[in-house]
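Here is the structure we will look at.
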Amino acid sequence: NAALRDWRQVIESERISSWKEAMLLGYARTLSRAKKYRDARDVLQRTSLSLAQLRGLATDRDFREMAASRYSDAFHLESDG
């Protein structure tokens with residue numbers, strides 16, 4: 001899990017928002033692929049992705065299993081608006 005630790009260190013030290021968004025999303029993907037769905041949800045909540053973008057991620061191959069799990073709330077699939 002050194003890769004996960006490396007992602008976390010980069011995210012915490014990064015100051016440029018657009019890069020930080022990209023890194024947060026990459027970290028969430030890594031966590032989701034590792035089946036660490038709770039952590040992936042927490043990371044996704046730290047992003048400034050729109051509801052439409054989050055909903056779109058639910059069909060992304062890296063997030064499909066997570067979207068079918070009890071952590072599907074990360075994608076706001078049942079939200080209005």
Side-chain angles (χ1 to χ4, degrees):
N1 287 327
L4 296 176
R5 188 174 51 250
D6 291 345
W7 269 110
R8 186 173 292 132
Q9 288 173 350
V10 169
I11 289 167
E12 290 172 356
S13 67
E14 187 55 53
R15 303 250 192 282
I16 303 168
S17 63
S18 62
W19 279 98
K20 186 171 184 177
E21 287 297 314
M23 284 187 278
L24 285 170
L25 185 54
Y27 186 39
R29 284 180 189 282
T30 300
L31 290 167
S32 181
R33 286 192 305 258
K35 302 201 183 313
K36 294 178 179 272
Y37 301 139
R38 182 177 50 98
D39 294 333
R41 180 194 59 196
D42 294 346
V43 171
L44 285 173
Q45 289 173 346
R46 292 175 54 192
T47 69
S48 60
L49 295 174
S50 69
L51 288 177
Q53 289 171 312
L54 287 169
R55 288 178 183 141
L57 288 177
T59 60
D60 184 287
R61 71 169 211 246
D62 292 331
F63 291 107
R64 266 187 233 139
E65 288 184 29
M66 181 178 161
S69 77
R70 67 181 188 164
Y71 297 102
S72 63
D73 60 318
F75 305 103
H76 300 276
L77 297 174
E78 297 179 13
S79 298
D80 291 332

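Residue numbers start at 1 and run along the sequence shown.
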Counting only heavy atoms not in E65, do more than 12 fall under 6.0 Å of its CD?
-> no
Under 3.5 Å: donor-acceptor pair, side chain of [X], backbone of [Y]:
X: T30; Y: G26; answer: yes
X: R41; Y: A74; answer: no
X: R55; Y: H76; answer: yes
X: S32; Y: R29; answer: no

Heavy-atom pair of closest approach, residues [X] and [Y]:
X: A58; Y: A67; result: O-CB, 3.6 Å
X: F75; Y: L54; result: CD2-O, 3.2 Å
X: S69; Y: Y37; result: OG-CD1, 3.9 Å

Residues F63, L44; criterion side-chain contact (heavy atoms from CB on, under 4.5 Å); working and verdict = CA-CA 11 Å; F63 291 107; L44 285 173; 4.2 Å; yes
Apply salt bridge (charged side-chain N to carboxylate O under 4.0 Å, His left out) to R33 and list each qualifying residue two or more places apart in sequence or on a separate chain.
-> D62
With L31, which of M66, R38, K36 fulfils side-chain contact (heavy atoms from CB on, under 4.5 Å)?
-> K36
Please test L25 against L57 for side-chain contact (heavy atoms from CB on, under 4.5 Å), starting from the C-alpha separation and ending with a verdict.
-> CA-CA 10 Å; L25 185 54; L57 288 177; 3.8 Å; yes
Find out whether L49 and L24 are in side-chain contact, i.e. whether some heavy atom of one side chain is under 4.5 Å from a heavy atom of the other.
-> no
